[in-house]
Number of protein chains: 2
Amino acid sequence: MLKLSKLTDYAVVALVRLGQKNEVTTSPVLSRSTGIPEPTVAKVLKILATQGIVTSQRGARGGYRLAHPLEEISIASVIQAIDGPISLTTCVDGGDCDARSTCGLGGQWDMVNAAIRNALSAITLADMKNHTVIDRLGGLQAPSMPSGPAATA
Amino acid sequence: MLKLSKLTDYAVVALVRLGQKNEVTTSPVLSRSTGIPEPTVAKVLKILATQGIVTSQRGARGGYRLAHPLEEISIASVIQAIDGPISLTTCVDGGDCDARSTCGLGGQWDMVNAAIRNALSAITLADMKNHTVIDRLGGLQAPSMPSGPAATA
DNA sequence: GCTAATTGGACCGGAACAGTACTGTTTCCT
DNA sequence: AGGAAACAGTACTGTTCCGGTCCAATTAGC
Ligand code: FES
Ligand code: FES
């Protein structure tokens, strides 16, 4: 349904919360503070650690800390860390599409895909925290639409 | 992975092909012309028919025809017809998110979701056919990005 | 050196999707 | 009228992927 996994949603919440208290934080603490189930938030942080979004400190008195400030972490990077690369269709980036030769849509999906990716890259976690997403998206509505699409609902 | 289902990909290909020959076309013909397996393309067209994207003519010499010109069919409408509504996270539109009260991201996802939806609504199947997607997306890149996000890869 | 705390990685169950098959209904052509 | 062609709807099956759980590796502190 063009939806991203629930893990990604959790990741954003956890990261924003991590950015508010700028110190090493453990999974249980983050779980209590966000309301996300403890095992789940732990898993999310584990993945984020492997992707370099957060740095981890093992052992007692360990925990997680942001690798970059919130302003430098884009939504896209979080999505790609959890859900994998942003690829609307299988045929972007030379995917193994069955109807490659006959479809006639050569590479147009790549454009759409890149547009989505750019939009998501422009939004940072700081925007999510400060509720300033709308500012960044000001130019996102299609600029010129001569013959308005009808079947949009 | 923020990917839309393969059926949607097929639907776009089939619809563009349908728009090229502006006459009633059968599933087998469309299958041969697009390279999509016959049962699959049939299933896709059936769904599109129920959603009013195409009109169907039953019986011998029957087939499918576009209900609207290509210029009036947006990518978003096709996606919604096949994959259901565009909802990035479960918490858009009053979803049953577990951490609603504690997450602190009140409604920001709705903004992001709406942006994606608007972008996809601005692209029509005619743009896909004519390879003019890039034109429509010219204003999609975020306008101002003072402190560029670093972790974008 | 031992214990406790915490991350790291592997495992498993279940839901959603893609694809297939079958039956029924409608329409055209002979 | 009869048969063939094509859509409509439903049901089924195999597979993939997400979500969650469990145990092993690692480090700080006493
Ligand atoms: S290459 Fe995938 S549909 Fe054209
Ligand atoms: S409402 Fe879903 S994460 Fe905040």
Side-chain angles (χ1 to χ4, degrees), chain A residues 1-11 13-14 18 23-32 36-65 67 79 81-85 87-90 95-99, chain B residues 1-11 13-14 18 23-32 35-65 67 79 81-85 87-90 96-99:
Chain A
M1 320 160 197
L2 194 56
K3 70 170 174 55
L4 41 81
S5 68
K6 195 182 285 190
L7 275 298
T8 306
D9 189 0
Y10 290 156
V13 175
L18 248 185
E23 59 190 33
V24 175
T25 313
T26 69
S27 299
V29 170
L30 223 47
S31 166
R32 262 181 294 277
I36 304 172
E38 188 168 325
T40 302
V41 73
K43 180 176 190 172
V44 169
L45 288 175
K46 271 180 268 191
I47 300 174
L48 292 174
T50 65
Q51 302 297 320
I53 307 283
V54 299
T55 59
S56 63
Q57 176 63 33
R58 291 181 69 153
R61 293 294 306 262
Y64 294 97
R65 186 200 305 261
I79 294 176
I82 303 286
D83 269 1
S87 303
L88 266 70
T89 65
T90 55
D96 57 348
C97 188
D98 309 346
Chain B
M1 315 158 202
L2 194 57
K3 71 170 174 55
L4 40 81
S5 70
K6 196 181 283 191
L7 275 298
T8 305
D9 189 2
Y10 290 156
V13 175
L18 250 184
E23 58 190 33
V24 174
T25 313
T26 70
S27 299
V29 169
L30 224 48
S31 166
R32 260 180 296 275
I36 303 170
E38 190 168 326
T40 303
V41 71
K43 181 178 189 174
V44 169
L45 288 175
K46 268 182 270 193
I47 300 174
L48 291 175
T50 65
Q51 302 296 320
I53 307 283
V54 300
T55 59
S56 62
Q57 175 63 34
R58 296 180 64 153
R61 294 295 308 262
Y64 294 96
R65 188 200 305 261
I79 294 175
I82 303 286
D83 268 2
S87 302
L88 266 71
T89 65
T90 54
D96 56 348
C97 189
D98 309 344

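The sequence lines fix the lettering, A, B, ..., with proteins before strands; numbering per chain opens at 1.
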Donor-acceptor check, side chain of B/S31 to backbone of B/I36, threshold 3.5 angstrom: yes or no?
yes
Rounded to the nearest 0.5 angstrom, the CG-CD1 distance for B/L4 and B/I79 is 5.0 Å
Item to complete: Would you indicate, yes or no, if D/dC17 has its OP1 or OP2 atom less than 4.0 angstrom from a side-chain nitrogen or oxygen of A/S5?
Response: no
Rounded to whole Å, the NZ-P distance (B/K6 to D/dT16) equals 11 Å
From CD of B/E38 across to P of C/dT20 the rounded distance in Å is 11 Å
When rounded to whole Å, the CG to C1' distance for the pair B/L48 and D/dC7 reads 14 Å
Taken in chain and number order and not counting sequence neighbours, the residues that satisfy side-chain contact (heavy atoms from CB on, under 4.5 Å) with A/A14 are A/L30, A/V41
With B for base contact, S for sugar-phosphate-only contact and - for none (protein heavy atoms under 4.0 Å), nucleotides 2-16 of chain C reads ---BBBBB-------
Whole-Å distance, B/I79 CD1 to C/dC17 C1', equals 16 Å
Here the distance between atom P of C/dC17 and atom CD1 of B/I47, to the nearest Å, is 11 Å
In whole angstroms, the gap separating C1' of C/dG19 from CD1 of B/I36 amounts to 13 Å
To the nearest angstrom, the CG-P distance between A/L7 and D/dG20 comes to 7 Å
Contacts of B/A81 meeting side-chain contact (heavy atoms from CB on, under 4.5 Å) (sequence neighbours excluded), chain-then-number -> B/L48, B/Q51, B/I53
Contacts of A/Q57 meeting side-chain contact (heavy atoms from CB on, under 4.5 Å) (sequence neighbours excluded), chain-then-number -> none
From CG of B/L18 across to C1' of D/dC7 the rounded distance in Å is 14 Å
Ignoring backbone atoms, establish whether A/T40 has a side-chain N or O less than 4.0 Å from OP1 or OP2 of D/dG19.
no
The side-chain contact (heavy atoms from CB on, under 4.5 Å) partners of B/S5 (sequence neighbours excluded) come to B/L7, B/T8, B/I82, B/D83
